[in-house]
Asker: 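My questions all concern the structure below.
Naming: A, B, ... by sequence-line order, numbering from 1 per chain.
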Amino acid sequence: MLFNFREKLNSSKFLVTAEVSPPKGTRFSAPLEDARQLKGIADALNVTDNQCSIMHMSSLAFSKLLLDEGHEPIMQLTCRDRNRIGLQSDLLGAYALGIRNICLMTGDFPSCGDHPGSKPVYDLDSVQFLQLVRKLDSGIDFAGNRLDGGTSFCAGAVSGIDPEKTIQLIKLEKKVRCGADFIQTQAVYDVGMFEEFMEATSHLEVPVIAGLIPLKSLGMAEFMNKNISGINVPEEIMLRIKDAPDPVEEGLSIASETIKELIKLSRGVHIMPVGSHKNTPKLLSLAGLSGK
Amino acid sequence: MIITSAKPLEEILALLKDEDYIFVIGCNVCAAKLKTGGEPEVLEMCRRLEENGKHVVGWALPTAACSVRSFDALVQKNEKIREARCILVMGCGSGISTVASVTEVPVLGSNDTLSLGGSSEGKLLSDQCVMCGKCTIGEFGGLCPKAQCPKSLLNGPCGGSIDGMCEVNRENDCVWTLIYNRLNKINRLDLLYTVHAPQEHGIK
């Protein structure tokens with residue numbers, strides 16, 4: 001019997017993680033209701049940290065609310081808003097509250113969000129942030145002071161999937177060297193490209209969970225191709241969405257086919273729908289993954 | 001070179017709203033090169049201030065506003081400064097501060113100070129250095145990510161660049177692409193595998 005995300009990561013089980021967002025405000029019943037649909041079908045839920053630099057409730061607080069509801073959260077933390085003191089302090093607090101999984105990333109620049117004038121911190125980068133977590137795990141803080149109770153985090157990081165971007169692959173390698181337990185990737189549409197990425201990084205021996213954003217419209221696909229780094233929706237998929245009588249259904253169908261391919265290539269999938277998880281149970285069912 | 005840009009005249013007039021009998025000080029180094037505080041700009045500023053009803057008691061153009069030795073040195077340039085009830089410095093923040101440290105009247109600046117940069121091959125180069133006090137630029141092939149990456153990332157790029165352009169400003173090159181190309185050119189891609197510790201921000 002597998003209990004938690006870390007144990008599942010070390011097993012041969014194909015993993016399903018899904019992204020949920022804290023509310024913009026103090027009312028949390030609606031996002032908790034949305035997350036409830038993922039009970040029993042997702043192994044863990046990534047909780048975003050002020051995604052796109054748009055101010056929301058903290059990922060720490062919402063992770064705790066999810067934990068209390070019986071979910072297993074993966075608290076995301078970015079380097080954007082806190083210096084090394086703030087990051088460590090939040091990590092100690094999260095661990096004390098029962099949060100065991102984290103996913104660390106640089107974070108979008110403040111200018112892309114709703115508080116564009118706020119000070120960008122980036123005291124650490126994502127590689128240094130992983131080193132920091134491993135220090136807390138060993139019972140000392142980043143400055144070398146002994147902690148009265150350390151942490152034991154299952155810590156992940158993120159990566160793009162373009163095998164041609166050597167410099168991104170080198171950074172990924174550094175993340176793994178600095179202790180990343182798992183990697184969650186940018187959304188995959190081009191399975192061939194993902195396969196090449198997996199080949200290029202096979203020496204790293206780190207569990208890779210492939211990102212997935214179900215398409216909803218042609219406009220969405222075009223927007224992502226143009227504006228989101230590392231996303232490449234192939235022409236063939238664009239045509240399928242364009243010709244479909246119901247693009248949302250077609251998007252789910254495409255995503256489920258992608259998942260079936262990814263089962264052979266990755267350790268899991270990470271579902272990041274735009275909007276709610278209304279269609280996620282159906283997607284996983286289409287992909288044959290609804291039976292836990 | 002310190003990169004400055006001239007504030008709009010309306011903003012300068014608003015700063016000078018309650019001031020009169022103004023003495024204007026330019027800077028014959030960086031600001032002169034950037035045309036934000038050389039002799040032609042100083043003369044133009046004097047003219048426009050008078051056009052807007054201000055009395056300009058005089059002007060001076062020290063070699064560098066940031067290296068003014070003393071009040072007497074300014075008097076030697078133009079003794080009219082003794083009549084000044086306000087000084088407008090057309091230099092960078094450092095020049096304004098230096099002038100303020102040797103004078104007894106309100107000191108205001110006509111420029112915004114943007115970065116430590118340079119110019120080469122007819123192009124203005126902004127944000128070349130952040131004066132962090134602990135230079136490691138050689139490890140990045142001579143291009144500083146602390147200065148040129150908006151996130152100051154030391155271990156490689158964020159995931160945001162598209163076609164080699166920066167996520168934060170799509171008109172700028174991602175410095176990590178430039179660093180990669182440069183290290184490739186000098187056959188030092190091995191440097192990219194170094195795990196760099198964070199910048200220490202203690203007292204310099």
Asker: To the nearest 0.5 angstrom, please state how far the CZ atom of A:F109 sits from the SG atom of B:C149.
Answerer: 8.5 Å
Asker: What part of A:Q186 gets within 4.5 angstrom of chain B, counting heavy atoms only: side chain, backbone, both, or neither?
Answerer: neither
Asker: Heavy-atom distances under 4.5 Å only: say whether B:E167 touches chain A with side chain, backbone, both or neither.
Answerer: side chain
Asker: Between B:T194 and chain A, with a heavy-atom cut-off of 4.5 Å, which part of the residue counts as in contact: side chain, backbone, both or neither?
Answerer: backbone
Asker: Quick check: are there more than 12 heavy atoms from other residues, nucleotides or ligands sitting under 6.0 Å from CZ of B:R47?
Answerer: yes
Asker: So does A:Y122 get a backbone contact from the side chain of B:K151, meaning a donor-acceptor N/O pair under 3.5 Å?
Answerer: no
Asker: Could you go through B:V195 and A:Q131, starting from their C-alpha distance and side-chain angles, then the distance that decides it, and tell me whether this counts as side-chain contact (heavy atoms from CB on, under 4.5 Å)?
Answerer: CA-CA 10 Å; B:V195 173; A:Q131 290 182 309; 3.5 Å; yes
Asker: Heavy-atom pairs under 4.5 Å with chain B are the metric here; pick the option from A:E173, A:R84, A:K226 that has the most.
Answerer: A:R84
Asker: Please classify the contact of A:I228 with chain B as side chain, backbone, both or neither, using a heavy-atom distance under 4.5 Å.
Answerer: backbone
Asker: If you count every heavy atom of other residues, nucleotides or ligands that lies below 6.0 Å from B:E104 atom CD, does the total exceed 12?
Answerer: no
Asker: For A:K175, is it the side chain, the backbone, both or neither that has a heavy atom under 4.5 Å from a heavy atom of chain B?
Answerer: neither
Asker: Do you know the tightest heavy-atom contact between A:S229 and B:G159?
Answerer: OG-O, 2.8 Å
Asker: Would you say that more than 12 heavy atoms from the other residues, nucleotides or ligands in this model lie under 6.0 Å from the NZ of B:K80, or not?
Answerer: no
Asker: For A:R177, is it the side chain, the backbone, both or neither that has a heavy atom under 4.5 Å from a heavy atom of chain B?
Answerer: side chain
Asker: Can you check whether B:C158's main-chain N or O pairs, donor with acceptor, with A:T106's side chain at less than 3.5 Å?
Answerer: no
Asker: Please classify the contact of A:C79 with chain B as side chain, backbone, both or neither, using a heavy-atom distance under 4.5 Å.
Answerer: neither
Asker: Below 4.5 Å, heavy-atom pairs only: which of A:D162, A:V121, A:T166 has the largest tally toward chain B?
Answerer: A:T166
Asker: To the nearest 0.5 Å, what is the distance between CD1 on A:I170 and CG on B:L191?
Answerer: 10.5 Å
Asker: Side chain, backbone, both or neither: which part of A:D108 has an atom under 4.5 Å from a heavy atom of chain B?
Answerer: both
Asker: So, do A:K171 and B:L153 sit near enough that their side-chain heavy atoms are less than 4.5 Å apart?
Answerer: yes
Asker: Would you say CG of B:D190 has more than 12 non-hydrogen atoms from neighbouring residues, nucleotides or ligands within 6.0 angstrom?
Answerer: yes
Asker: First locate atom CG of B:L192, then atom CD1 of A:I167, and finally report the distance between them rounded to the nearest 0.5 Å.
Answerer: 5.0 Å
Asker: B:Q199 versus A:Q128: any side-chain heavy-atom pair under 4.5 Å?
Answerer: no
Asker: Count the heavy atoms of every other residue, nucleotide or ligand shown that sit under 6.0 Å from CG of B:N187, and state whether that count exceeds 12.
Answerer: no
Asker: So, the side chain of A:D125 versus the backbone of B:N155: is there a donor-acceptor pair under 3.5 Å, distance only?
Answerer: yes
Asker: Can you confirm whether more than 12 heavy atoms, excluding those of B:K33, are under 6.0 Å from its NZ atom?
Answerer: no
